[in-house]
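Report on the following structure.
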Amino acid sequence: MSAQRKDAVDAIIEQWAEVRPDLDTRAMEVFGRIYRLSRTMGDRMEKAYAPYGISRGEFDVLATLRRSGEPYALSPRQLSATLMLTTGGMTGRLDKLERAGLLRRSPDPHDRRALQVTLTEKGLAVIDQAVGAGLAVQTEALATMNDEQAGQLADLLRELMAGTQEAGH
């Protein structure tokens, strides 16, 4: 272990070392921390988006439309694929966001059988504010590292993600 301060995962690893010294717990150290960090930041992001009347899942829909560029329109299928959601899960989010006036569903001008989901002006304003609030929370959390460390972490996590996706897991 490095000279860094100890955390809850270190305590778990030490317990395993006592009862099962034969185990290589390196993966548990990495993924335990990723899991705990994800939960902590997920909670913080929910709080950051709450003043805008949206959840993290709803933020994801609005952000995907915003990132698509003008006219900020995608099909429900494109949204589902991008967000790795079932069509049923996507329908629920779209219903809520449409009721809030943040997006609208309309017939696709290129395919009468399909729908198009488009950000409204209100939705554009909400996502532009919410993305700033979320980035502020993430930036604050990352402030414990310098730029080089943050870059190294991003690179290492990219490698880990690529490795797990290539392995088919």
Side-chain angles (χ1 to χ4, degrees), residues 1-52 54-69 72 74-94 96-97 103 117 119 123 126-169:
M1 180 174 27
S2 68
Q4 302 292 320
R5 61 183 165 197
K6 289 190 174 192
D7 63 16
V9 175
D10 289 319
I12 292 167
I13 298 305
E14 289 170 6
Q15 290 172 327
W16 277 116
E18 285 292 318
V19 299
R20 289 288 309 273
D22 58 306
L23 293 177
D24 177 359
T25 56
R26 176 63 58 173
M28 190 181 294
E29 290 181 65
V30 171
F31 291 103
R33 287 186 176 95
I34 289 172
Y35 174 76
R36 287 168 181 264
L37 181 60
S38 178
R39 294 272 315 252
T40 298
M41 290 307 297
D43 292 346
R44 289 182 187 179
M45 300 310 290
E46 283 287 351
K47 288 177 185 166
Y49 301 145
Y52 306 99
I54 58 175
S55 67
R56 282 176 47 210
E58 293 154 359
F59 170 89
D60 290 343
V61 172
L62 297 174
T64 300
L65 288 166
R66 178 65 168 104
R67 290 190 321 264
S68 73
Y72 314 117
L74 295 170
S75 72
R77 183 180 308 287
Q78 289 170 310
L79 283 166
S80 293
T82 299
L83 298 174
M84 298 183 295
L85 273 178
T86 64
T87 54
M90 179 58 65
T91 299
R93 287 185 191 178
L94 294 178
K96 184 173 181 207
L97 291 166
L103 58 78
V117 179
L119 274 180
V126 165
I127 191 57
D128 280 350
Q129 292 173 343
V131 73
L135 279 170
V137 168
Q138 292 169 342
T139 300
E140 179 184 343
L142 206 54
T144 60
M145 301 179 153
N146 63 40
D147 288 344
E148 182 180 345
Q149 290 170 319
Q152 287 174 337
L153 179 59
D155 291 342
L156 291 169
L157 290 170
R158 184 182 305 106
E159 285 298 314
L160 182 59
M161 281 182 53
T164 58
Q165 290 169 348
E166 288 168 8
H169 299 286

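All figures in this text were calculated on a predicted structure; none of them were measured in a lab.
- Expressed to the nearest 0.5 Å, how far CG of Leu103 lies from CG of Leu94 amounts to 6.0 Å.
- Atom CZ of Arg93 sits about 6.5 Å away from atom CG of Leu83, to the nearest 0.5 Å.
- How far CG of Leu156 is from CG of Leu160: 8.5 Å, rounded to the nearest 0.5 Å.
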Identify every side-chain donor-acceptor pair in residues 44-51 under 3.5 Å, counting partners at least two apart or on other chains, and give the distances.
from: Glu46; atom 1: OE2; to: Arg56; atom 2: N; distance (Å): 3.3

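- Taking 4.5 Å as the limit, some side-chain heavy atom of Glu148 sits within range of a side-chain heavy atom of Gln152.
- Looking only at distances, a side-chain donor or acceptor of Glu58 sits under 3.5 Å from a matching main-chain atom of Ser55.
- Listed here is the closest heavy atom pair of Gln149 and Met145: OE1-CA, 3.3 Å.
- Under the side-chain contact (heavy atoms from CB on, under 4.5 Å) test applied with Leu74, the options Thr82, Val117, Leu65 reduce to a single match, Leu65.
- No more than 12 heavy atoms of other residues, nucleotides or ligands sit less than 6.0 Å from atom CG of Asp147.
- Asp60 places none of its side-chain heavy atoms less than 4.5 Å from the side chain of Leu85.
- To the nearest 0.5 angstrom, Thr164 atom OG1 is 11.0 Å from Glu159 atom CD.
- Between the CD1 atom of Ile12 and the OG1 atom of Thr25 there is a distance of 10.5 Å, given to the nearest 0.5 Å.
- What you find for Gln78 and Ser75 is that their closest heavy atoms are OE1-N, 2.7 Å.
- Note: Phe31 CZ to Leu37 CG = 13.5 Å, rounded to the nearest 0.5 Å.
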| task | Quick one: do Met90 and Val61 satisfy side chain to side chain contact (heavy atoms under 4.5 Å, CB included)? Show the steps, please. | result | CA-CA 9 Å; Met90 179 58 65; Val61 172; 4.1 Å; yes

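- Using a 4.0 Å cut-off between charged side-chain N and carboxylate O, Asp10 and Arg33 make a salt bridge.
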Output a table of donor-acceptor pairs, distance under 3.5 Å, between side-chain atoms of residues 128-141 and any protein atom two or more places apart or on a different chain; print 'none' if there are none.
from: Asp128; atom 1: OD1; to: Arg66; atom 2: NE; distance (Å): 2.8
from: Asp128; atom 1: OD1; to: Arg66; atom 2: NH2; distance (Å): 3.4
from: Asp128; atom 1: OD2; to: Arg66; atom 2: NH2; distance (Å): 3.4
from: Thr139; atom 1: OG1; to: Leu135; atom 2: O; distance (Å): 2.7

